Amino acid sequence: PKAVWQVSMNLRADVWYYLFLRASSDGTIEARLWERDNLKNKTDLRQNVGQDWTQNKFTYSIVVAQGQIDVDEFQEVELAK
């Protein structure tokens, strides 16, 4: 399965953003993207895709129309069930 999230906020060059993703055991996918220095500039996604879907391994990808994205740090955490 493939899920696509089209970001509704205006992203600018040379601005730091944080991205948080979570897949819950009940099948809920949550994401939040926000600007580091302006917490009001954010967008959220919350979608239930079903328990079978969230039990799979995930492959993350970020695609931009022009330019490039630099990822400074990536962490993947699995919480105890």
Side-chain angles (χ1 to χ4, degrees):
K2 183 176 182 179
V4 177
W5 178 29
Q6 295 199 339
V7 175
S8 60
M9 62 191 272
N10 185 22
L11 303 177
R12 301 182 322 251
D14 299 319
V15 175
W16 283 85
Y17 296 94
Y18 291 110
L19 175 63
F20 168 80
L21 301 168
R22 177 170 64 183
S24 300
S25 60
D26 69 353
T28 301
I29 300 290
E30 294 178 88
R32 172 170 278 186
L33 177 68
W34 69 97
E35 188 176 322
R36 180 187 68 179
D37 297 326
N38 180 6
L39 299 180
K40 292 181 181 181
N41 190 17
K42 65 178 173 56
T43 186
D44 295 299
L45 168 76
R46 182 180 174 93
Q47 181 177 352
N48 191 292
V49 294
Q51 289 179 332
D52 292 340
W53 201 83
T54 55
Q55 300 305 316
N56 296 320
K57 294 286 184 182
F58 285 88
T59 301
Y60 305 97
S61 63
I62 301 172
V63 179
V64 293
Q66 294 179 332
Q68 71 182 39
I69 291 180
D70 295 320
V71 176
D72 184 61
E73 183 178 340
F74 174 85
Q75 295 179 350
E76 189 170 339
V77 178
E78 183 174 339
L79 302 175
K81 295 180 182 183

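Note that the structure is predicted; figures quoted are calculated from it, not measured.
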Mind checking whether V15 and N38 have side chains closer than 4.5 Å, heavy atoms only?
->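 Heavy-atom side-chain distance check fails, nothing below 4.5 Å.
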Can you list the residues that meet the side chain to side chain contact (heavy atoms under 4.5 Å, CB included) rule with N48, with sequence neighbours excluded?
->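 With neighbours one apart ignored, the set is T28.
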Using the test side chain to side chain contact (heavy atoms under 4.5 Å, CB included), find all partners of E73 that sit at least two apart in sequence or belong to another chain.
->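 Counting only residues at least two positions away or on another chain, E73 forms a side chain to side chain contact (heavy atoms under 4.5 Å, CB included) with Q75.
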Qualifying residues under salt bridge (charged side-chain N to carboxylate O under 4.0 Å, His left out), relative to R12, sequence neighbours excluded |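 Partners of R12 by the salt bridge (charged side-chain N to carboxylate O under 4.0 Å, His left out) criterion, ordered by chain and then number, come out as E35.
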Residues forming a side-chain hydrogen bond (donor to acceptor under 3.5 Å, both in side chains) with Q68, sequence neighbours excluded |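 Once residues adjacent in sequence are excluded, the partners of Q68 under the side-chain hydrogen bond (donor to acceptor under 3.5 Å, both in side chains) criterion are D70.
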Determine which pairs satisfy salt bridge (charged side-chain N to carboxylate O under 4.0 Å, His left out) with at least one residue from residues 38-47, sequence neighbours left out, and list them in order.
->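 Sorted pair list: E30-R46, R32-D44, K42-D44.
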Got a second to check how far L19's CG is from I69's CD1, nearest 0.5 Å?
->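 One finds 9.5 Å between CG of L19 and CD1 of I69.
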Nearest atoms (heavy-atom pairs only) where L33 meets Y17 |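 The pair with the smallest heavy-atom distance is CD1-CB, 4.0 Å.
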Which ILVMFWY residues can you reach from F20 by hopping between side chains whose heavy atoms are under 4.5 Å apart?
->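 Direct or chained contacts put F20 with Y18, W34, L39.
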